[in-house]
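Heavy atoms only: backbone and side chains are in, while hydrogens, waters and symmetry mates are out. Numbering of residues begins at 1 and proceeds along the displayed sequence.
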Amino acid sequence: MAKAEVVIVLSLLLVTTVVDGLGGRMRINDVKKNKEVQELGRFSVEEYNRRSQGRLRFSLANGGPSTALVFSQVVGAEKQVVAGIKYYLEIKAMQGGVTKTFESVVLVKPWVQSKDLLKFSPSTH
């Protein structure tokens with residue numbers, strides 16, 4: 001990415017931050033139809049499963065149930081402009097045939113085409 005493009009992206013992030021109330025969280029409406037949000041939810045579950053692979057293999061080797069999650073859908077989302085865009089997602093996923101709710105935080109930096117799962121845990125709601 002050229003320097004001019006980076007400056008434009010960073011300028012847009014700064015303007016968005018000011019418009020959004022200095023980096024406060026903003027609710028994302030209509031998340032079930034938002035393809036980007038649904039893809040981030042799927043990424044969260046897949047990344048959680050990838051990071052948990054060792055525990056999954058141990059459980060299966062010892063006759064335990066599969067702990068792998070199967071993504072269903074994102075049911076709630078907020079975003080916050082930081083050094084990128086931080087997404088706070090409420091995700092429905094199946095685990096062992098049971099639907100459960102999880103919370104994840106994903107940091108997206110579009111100018112370097114990166115996304116990072118910062119947090120993934122059972123929902124406290």
*Are Tyr88 and Val82 connected, step by step, through hydrophobic side chains (Ile, Leu, Val, Met, Phe, Trp, Tyr) whose heavy atoms are closer than 4.5 Å?*
yes
*If you measure only the distance, is there a donor-acceptor pair under 3.5 Å linking the side chains of Lys92 and Thr101?*
yes
*Compare every heavy atom of Ala93 with every heavy atom of Val45, then report the nearest pair and how far apart it is.*
CG2-CB, 4.4 Å
*Can you name the residues that form a salt bridge (Lys or Arg N to Asp or Glu O under 4.0 Å) with Glu103, not counting sequence neighbours?*
Lys119
*Is any side-chain heavy atom of Ile91 closer than 4.5 Å to a side-chain heavy atom of Ser44?*
yes
*Do Tyr87 and Gln80 get their side chains close enough for a donor-acceptor pair, meaning under 3.5 Å?*
no
_Any Glu46 side-chain heavy atom under 4.5 Å of Asn49 side chain_ = no
*Decide whether Gln95 and Lys100 meet the rule of one side-chain donor and one side-chain acceptor closer than 3.5 Å.*
yes
*Report the C-alpha distance between Gln38 and Gln73 in whole Å, list the side-chain angles of each, state the deciding distance to 0.1 Å, and finish with yes or no for side chain to side chain contact (heavy atoms under 4.5 Å, CB included).*
CA-CA 6 Å; Gln38 293 300 321; Gln73 66 180 334; 3.7 Å; yes
*Salt-bridge criterion met for Glu47 and Arg51 (N-O under 4.0 Å)*: yes
*Taking all heavy atoms of Phe43 and all of Leu117, pick out the closest pair and write down the distance.*
CE2-N, 4.0 Å
_Derivation of the side chain to side chain contact (heavy atoms under 4.5 Å, CB included) call for Phe102 and Leu89_ = CA-CA 8 Å; Phe102 297 87; Leu89 306 175; over 6 Å; no
_Heavy-atom closest contact (Ser104 atom, Phe120 atom, distance)_ = CB-CD1, 3.6 Å
*Between Met94 and Ser72, which heavy-atom pair has the shortest distance, and what is it?*
CG-OG, 3.9 Å
_As a quick check of understanding, evaluate side chain to side chain contact (heavy atoms under 4.5 Å, CB included) for Val106 and Leu118, giving each step before the final call._
CA-CA 6 Å; Val106 179; Leu118 304 178; over 6 Å; no
*Which pair of non-hydrogen atoms, one from Ile28 and one from Val37, has the smallest distance, and what is that distance?*
CD1-CG2, 4.0 Å
*If every non-hydrogen atom of Val31 is compared with every non-hydrogen atom of Gly76, which pair is closest and at what distance?*
CG2-N, 3.8 Å
*Apply the test side chain to side chain contact (heavy atoms under 4.5 Å, CB included) to residues Lys86 and Val105: give CA-CA distance (whole Å), side-chain angles for both, the deciding distance (0.1 Å), then the verdict.*
CA-CA 7 Å; Lys86 195 181 278 190; Val105 179; 3.4 Å; yes
